[in-house]
Number of protein chains: 2
Amino acid sequence: MRRNLSETCSTFFSTLANPTRLSILELLYEGPKNVTEIAKTLKQEQSLISHNLRLLERCRFVFSERRKKERFYTLNKETIEPLLKIFGYHAKKYCPKKGKCLTQQGLRQQRKRTASAPLYLARQ
Amino acid sequence: MRRNLSETCSTFFSTLANPTRLSILELLYEGPKNVTEIAKTLKQEQSLISHNLRLLERCRFVFSERRKKERFYTLNKETIEPLLKIFGYHAKKYCPKKGKCLTQQGLRQQRKRTASAPLYLARQ
DNA sequence: AGTTAATATGAATAATATTTCATATGAATA
DNA sequence: TATTCATATGAAATATTATTCATATTAACT
């Protein structure tokens, strides 16, 4: 299979494809936090947060540094901000129902409606 | 857990987090294609391609329409192009080794090197 | 050195996602 | 309407990922 969009790209998106990690990113918008604080705020186990922070850091969605006993994690806003902006724009346009994506049935129905509509082909 | 970045966001990124689907998106850059052609080009089973196209279409990363017996799929460039641009920028900056992400050991070593470097904290 | 607080790690389990295979459905046309 | 080609679907089998739990490591301080 052609795979020019290499494994890296799929790792990049996989790392964002998890509610726990998205919550962490969201929380870090407020500013740098240590592991314990993140765990408390999100009401999750410390080890769960640590495991997930490691994945986020590997992809450089967050940076970290130790200060005494603690380790502080900081959001990589340069990357995360524009990504979420695109998501927001897309969701607003295409996932109108309370942030829910299209269901299988919704998709089928729309296909019927647009059966004789102008070609998407023509748009390109 | 706080989850303002709702399920939708995690679905959005999950759908991109798969090599088969990324290959499909990459191929559709060239222009609209039908299922059989995608399957042949990627040397994968037709049903695998169909299953994955469905996920892509649910998230509106592609659009589709039937023309006679065939169904043509078209890339949603408006969303996919800027997403991949951000990925490219990020990967170039942070994943220098042939597109590979940092390993666990690489991460540990870098932590040591930057132990006394200026605070990430200071950057915000 | 011993103790405590903060974080990290590994291995087992649980939860999800992907792929395959067999078959169904849809559309065109003889 | 029978046949053929194109696509879709469902269920089972695989593979991958997330979470939990127990414990290790690290750093500071007594």
Side-chain angles (χ1 to χ4, degrees), chain A residues 1 3 7 10-24 32-59 62-73 101 103-105 107-112 115-116, chain B residues 1 3 7 10-24 32-59 62-73 101 103-105 107-112 115-116:
Chain A
M1 198 190 302
R3 295 220 163 143
E7 294 301 307
S10 137
T11 303
F12 179 91
F13 290 118
S14 305
T15 302
L16 296 168
N18 172 287
T20 302
R21 291 194 287 279
L22 287 169
S23 299
I24 293 173
K33 307 232 180 305
N34 69 26
V35 180
T36 305
E37 186 178 355
I38 297 170
K40 267 190 197 157
T41 307
L42 300 181
K43 291 181 183 111
Q44 297 293 131
E45 285 213 9
Q46 173 267 318
S47 74
L48 173 64
I49 300 301
S50 268
H51 280 304
N52 281 294
L53 280 169
R54 187 179 41 166
L55 299 179
L56 288 170
E57 190 174 16
R58 273 197 198 168
C59 275
V62 302
F63 307 114
S64 84
E65 71 183 325
R66 224 176 226 289
R67 288 285 121 184
K68 306 212 172 180
K69 282 183 196 168
E70 300 155 73
R71 180 175 289 274
F72 282 84
Y73 285 86
C101 282
T103 60
Q104 184 56 16
Q105 207 174 27
L107 187 58
R108 233 182 257 126
Q109 286 173 355
Q110 185 199 300
R111 281 179 171 182
K112 280 179 190 167
S116 55
Chain B
M1 196 189 303
R3 296 218 165 144
E7 295 301 307
S10 136
T11 303
F12 179 92
F13 289 119
S14 305
T15 301
L16 297 168
N18 173 286
T20 303
R21 291 193 289 277
L22 287 169
S23 299
I24 293 173
K33 306 231 178 308
N34 69 25
V35 180
T36 304
E37 186 178 356
I38 297 170
K40 266 190 197 156
T41 307
L42 300 181
K43 291 178 184 115
Q44 298 292 132
E45 283 214 9
Q46 173 268 318
S47 74
L48 173 64
I49 300 302
S50 269
H51 280 304
N52 280 294
L53 280 168
R54 186 177 43 166
L55 298 179
L56 288 170
E57 189 174 18
R58 273 198 197 166
C59 275
V62 303
F63 308 113
S64 85
E65 72 184 324
R66 220 177 230 290
R67 289 284 121 185
K68 305 210 172 179
K69 283 184 195 169
E70 300 155 71
R71 179 174 289 276
F72 282 84
Y73 285 86
C101 281
T103 60
Q104 184 56 15
Q105 206 173 29
L107 187 58
R108 234 182 257 124
Q109 286 173 354
Q110 185 200 299
R111 280 180 171 182
K112 279 178 189 166
S116 54

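Here the structure is a predicted model, which means the values were calculated and not measured. Every chain is numbered from 1 and lettered A, B, ... according to where its sequence line falls, protein lines coming before strand lines.
For DNA chain C, the stems formed by at least three consecutive Watson-Crick or G-U pairs, with both atom-pair distances below 3.5 Å, span C:1-30 with D:1-30.
One finds no salt bridge joining B/Lys68 and B/Glu70 here, because no Lys/Arg side-chain nitrogen approaches an Asp/Glu carboxylate oxygen to under 4.0 Å.
Taking only side-chain nitrogens and oxygens, B/Asn18 comes nearer than 4.0 Å to OP1 or OP2 of C/dT18. For D/dA8, the OP1/OP2 oxygens have a side-chain nitrogen or oxygen of B/Arg71 closer than 4.0 Å. Within the structure, every side-chain polar atom (N or O) of A/Tyr73 is placed at least 4.0 Å from both OP1 and OP2 of C/dA6. Between A/Arg21 and the phosphate of D/dA18, there is a side-chain N or O to OP1/OP2 separation shorter than 4.0 Å.
Distance A/Leu22 CG to D/dT17 C1': 15 Å, rounded to the nearest Å. To the nearest angstrom, C1' of D/dT7 lies 15 Å from CD of B/Glu65. Protein atom CD1 of A/Ile38 is 14 Å distant from nucleotide atom P of C/dA6, rounded to whole Å. At whole-Å resolution of the value, CZ in A/Phe13 and P in D/dT17 are 16 Å apart. If you measure from atom CG of B/Leu53 to atom P of D/dT7, you get 10 Å, rounded to the nearest angstrom. In this entry the distance linking CD of B/Glu70 with C1' of C/dG26 reads 13 Å, nearest Å. For the pair A/Leu16 CG and D/dT17 P, the interatomic distance rounds to 14 Å; values are reported in whole Å. Between B/Asn34 atom CG and C/dA27 atom P there is a gap of 16 Å when expressed in whole angstrom units.
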Please tabulate the protein-to-nucleotide N/O contacts below 3.5 Å involving nucleotides 20-24 of chain D, giving atom names and distances.
| from | atom 1 | to | atom 2 | distance (Å) |
| --- | --- | --- | --- | --- |
| D/dT20 | O4 | A/His51 | NE2 | 3.2 |
| D/dC21 | OP2 | A/Glu45 | OE2 | 3.2 |
| D/dC21 | N4 | A/Ser47 | OG | 3.0 |

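The distance from atom CZ of B/Arg54 to atom CZ of B/Arg21, rounded to the nearest 0.5 Å, is 11.0 Å. Note: A/Leu55 CG to A/Thr11 OG1 = 10.0 Å, rounded to the nearest 0.5 Å. Atom CG of A/Asn34 and atom CZ of A/Arg66 lie 11.0 Å apart (nearest 0.5 Å). A distance of 9.0 Å separates CG of A/Asn52 from CD of A/Gln44, quoted to the nearest 0.5 Å. Atoms CD1 and CG, on B/Ile49 and B/Leu42 in that order, are 5.0 Å from each other to the nearest 0.5 Å.
Inspection of the B/Gln46 and B/Ser50 side chains reveals an N or O donor paired with an N or O acceptor under 3.5 Å.
Using a 4.0 Å heavy-atom distance criterion, B/Lys69 is classed as a base contact.
The side chain of B/Val35 lies closest to D/dT7, out of D/dT19, C/dT7, D/dT7.
Contact between B/Pro19 and A/Ser10 at its shortest, heavy atoms only, is CD-OG, 3.9 Å. Closest non-hydrogen pair, B/Val62 versus B/Tyr73, comes out as CG2-CD2, 3.8 Å.
Remark on DNA chain D: of its neighbouring residues A/Asn52 and A/Lys68, the 5'-side contact belongs to A/Asn52, judged by nearest-heavy-atom nucleotide.
Side-chain contact between A/Leu53 and A/Glu57 is absent, with no heavy atoms from C-beta onward closer than 4.5 Å.
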